[in-house]
Student: 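Can you keep this structure in mind? I'll have questions shortly.
A, B, ... follow the sequence lines: proteins, then strands. Residue 1 opens every chain. Side chains are part of it too, since the values below use all heavy atoms of this structure and drop only hydrogens, waters and symmetry mates.
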Number of protein chains: 2
Amino acid sequence: MSILNAIQEKLDSLHQKERALAEYLLNHPRQAVQMTITELAAQSGSSPATISRFCKTFHSHNFPEFKQKLATELVQMTSTPNQYQDIVAGNPLHEIVAAITANHLRSITDTTQVLDQAQLRLAIEALHHASRIDLYGSATSGIVAQDFFHKLIQIGKAAAAFSDPHLQLTSAASITRNDVAIGISYSGETPETIHALRCAAERGATTLSITRFGANTLTEHAAIKLFTSSAEVGMRRGDMASRMATLHVIDVLFTGLVSEHFELYVPRLRESYQTVELYTSGKEERKTK
Amino acid sequence: MSILNAIQEKLDSLHQKERALAEYLLNHPRQAVQMTITELAAQSGSSPATISRFCKTFHSHNFPEFKQKLATELVQMTSTPNQYQDIVAGNPLHEIVAAITANHLRSITDTTQVLDQAQLRLAIEALHHASRIDLYGSATSGIVAQDFFHKLIQIGKAAAAFSDPHLQLTSAASITRNDVAIGISYSGETPETIHALRCAAERGATTLSITRFGANTLTEHAAIKLFTSSAEVGMRRGDMASRMATLHVIDVLFTGLVSEHFELYVPRLRESYQTVELYTSGKEERKTK
DNA sequence: GTCGATCATGAAAATAGTTTTCTTGAAATT
DNA sequence: AATTTCAAGAAAACTATTTTCATGATCGAC
C-alpha cells in the first residue's frame, strides 16, 4: 500500500484544504474512487483545482490516473494475503476470522515461494520407486504424517506413519535401501524424529525431511530436503500456520506423484474411493433418518 | 474474472467493429485500461461512439467505469489465484504447484465467506462450558478431529477424538447434557459419524456439526452448524481442499475460544508448551549430532 | 431481384469532466 | 505597515465522453 501510506505520512505537512481532502481519502477511499473530481471536491470540502494539484504531488499525472492507482491499491489490499496477524485478548470475532484467514493464506503462498522444484522432483521419484515409506512426526507433525499416510495407501503404496518414538525407531530399524523415510518437524529439532530419520539414513534408506526453511538438525540427515515458509509471529498458537504449510507441501508432493505416473496411480485412487463408497453408502443411511 | 470472460463468450455474436474492439481488449487489456476512449478507438480500429456503446452492453454505465472494472479484474487475476484448478496427467510440476496453491487459497477464502458469526459464537460458548468434548470423524475428517483434540487438551479441556465407529458410539453412549459432541464430515453423509452425533444428541449433549455448505444429514442432528465452502471440482483428490477448509474452521473456533477467555486459557496454553519444551529439549539433541 | 426495414457505425454536436490560468486574500517575513 | 509568498477557488480553456443524427450496409419479405 503506497498511496494511502504516503498520504498518511505527509498529512502533517499539508495545508487546510489539502488536509481535508487527504482525510476524506483516508476515511472513504472506496467512495472516493467512484467519484468525479467535482463530487470529490464537494464531499471533501475542497475544490477541483486543489484536487488536481494534489494528485500531481502524489506522483499521478492527472486525477483519473490517481483514482486508478488508488483503486488498484484497494483491490490488492483486500485480495492479497497481508501480514501475519497476531491474535490477542478479546479481539472482536470478525477480526479473528480475518486474522486467521490472512495467516493461512500467507502461510500457503509463502511456502509455495520456498518450494524447490528440483527437490520436489527428486522426492516424487523416490516415492515412486520406494517399496516402503516410513513417516515420522510428533504432535502436529504426526497428524500431517498420518494425512500423508492416508493418501499413500490410497494409491497402494506400503506406507506407515509413526508418532510414537519407540515405534518410530522400531520401524526405522528394519528399513532398507529400497525404502524411503520421511521426517516431518516444523522446527526441524524434534529429537525423536531426528533419531528415527538418522537411523533410517544409516541403514541406507532414502531420507526426506520436511521442515521450516533454514538450517536445522533434521535436514542434516536428509538426502532430499523440502521446506515450508518459516515466518510465524506471536506465540505458537497451536502451530496452525505451520501445519497448513506442511500439509500444502504434502499435497503438492502427492499430486505431483499421481500426476507424474497418472496411468498407474489414478485407477488405484479411483478404486479406493469406489470401494469406500460401496461399503459405507451414505444413501442407505439417509433412509434410516 | 467476469468482464473478459463475458467478452470472450459474446465474441461470436458481435459485429465487425465491436468484434475488433473486443479482440483488442482481450489481447491487450493492460494497455487498454491506460488509454482514453479516443486512443482506444484508434488502436482497436473502432470509434469512440462504438466503444461507449460497447461499455453499456457490458453493464458499465460509462467508459471510465468500464476501464476501472477491467483494471480491477486484471489486478485480481494476478494477485489472487482464482479458480479451482483440476489436476490432470503429466502437468508440468510448476503448474501443479500453482494449481494446488490456488485451490487451497480459494478453499480458505471461500470458507471464510461462509462462516456464520452467530453460530461461531454459540460454538465457542458451548465449548467453553463443556465439561467434556467428543469429536467424531472418519478418514480425513478423523485427522481433523485429532488436530482439534490436540488443541483442546493444550488448554486443559477434557476432549477425545474418535474415528473408530465402535469407539465413537461407545463414547457417545456415556455423554451427558453438560458435554459437547462435534461431528465432522465433509459430505455430511458419513453414516458412522451421523450415528454417533445422533446418539449424542439423544442423550442431551450440545451437538455441533462441521460439514460442507448446504443441506446434509449430519447437520440435522446438530444444534450448532458450521460450514466449509462446498466447491470442489474434478475427482476427489484426497479431499485436500476440504481438509484445508475444515482445519480453517477448527482454527477459527479454537482461536476464538482462547481469545474470548484469554485470562483462563492463555496461561494453560503457555504451560503446555513450556512443559513439552522442558522434557524434549532440542538443544540437548543438537550436541548428540 | 427489388423494396423496405433494421441496425451498425462514425462524424460531429452536446455534455461532462479536468486542468490551468488568473485573481484574491490571508499568513509570514522584513 | 509594507511586501512577499502562497493556498485556494472562480472561471476559462481544454480534454474526454456521450448522444444525436445521418449514412450506408445487411437481411428479410414479397
Student: Would you kindly give the NZ-to-P distance between A:Lys67 and C:dA16, to the nearest whole Å?
Tutor: 16 Å

Student: Phosphate oxygens OP1/OP2 of C:dA8: is one of them under 4.0 Å from a side-chain N or O of B:Thr50?
Tutor: no

Student: Can a side-chain donor-acceptor contact be found between A:Thr112 and B:Thr101 if the only test is distance below 3.5 angstrom?
Tutor: yes

Student: How long is the line joining CD1 of A:Ile51 and P of D:dA7, in whole Å?
Tutor: 16 Å

Student: When you get a sec, tell me which of C:dT18, C:dT20, D:dA8 is the closest nucleotide to the side chain of A:Glu18?
Tutor: D:dA8

Student: Using atom CD1 of A:Ile37 as one end and atom C1' of C:dT15 as the other, report the distance to the nearest whole Å.
Tutor: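 Whole-Å distance recorded here is 17 Å.
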
Student: Expressed in angstrom and rounded to an integer, what is the separation of A:His15 atom NE2 from D:dT5 atom P?
Tutor: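 That distance rounds to 15 Å.
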
Student: In whole angstrom, what separates B:Gln68's CD from C:dG17's P?
Tutor: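 Between P of C:dG17 and CD of B:Gln68: 14 Å.
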
Student: Could you check how far CZ of A:Phe63 sits from P of D:dA16, rounded to whole Å?
Tutor: 15 Å

Student: Distance only, no hydrogens: is a donor on one side chain within 3.5 Å (strictly under) of an acceptor on the other, for A:Thr228 and A:His248?
Tutor: no

Student: Whole-Å distance between C:dG17 C1' and B:Glu65 CD?
Tutor: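 My rounded result for the distance is 15 Å.
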
Student: What nucleotide among D:dT18, D:dG9, C:dG10 has an atom nearest to a side-chain atom of A:Lys17?
Tutor: D:dG9

Student: In whole angstroms, how far is the P atom of C:dT20 from the CZ atom of A:Phe54?
Tutor: 17 Å

Student: So, does A:Thr72 use its side chain to make a donor-acceptor pair with the main chain of A:Gln68 at under 3.5 Å?
Tutor: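 Between the backbone of A:Gln68 and the side chain of A:Thr72 there is a qualifying donor-acceptor contact (under 3.5 Å).
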
Student: Please pick, from C:dT18, D:dT20, C:dT21, the nucleotide with the shortest atom-to-atom distance to any side-chain atom of A:Thr36.
Tutor: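 In terms of side-chain proximity for A:Thr36, the closest of C:dT18, D:dT20, C:dT21 is C:dT18.
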
Student: Which atom names give the shortest non-hydrogen contact between B:Tyr273 and A:Asp239, and what distance separates them?
Tutor: OH-N, 4.0 Å

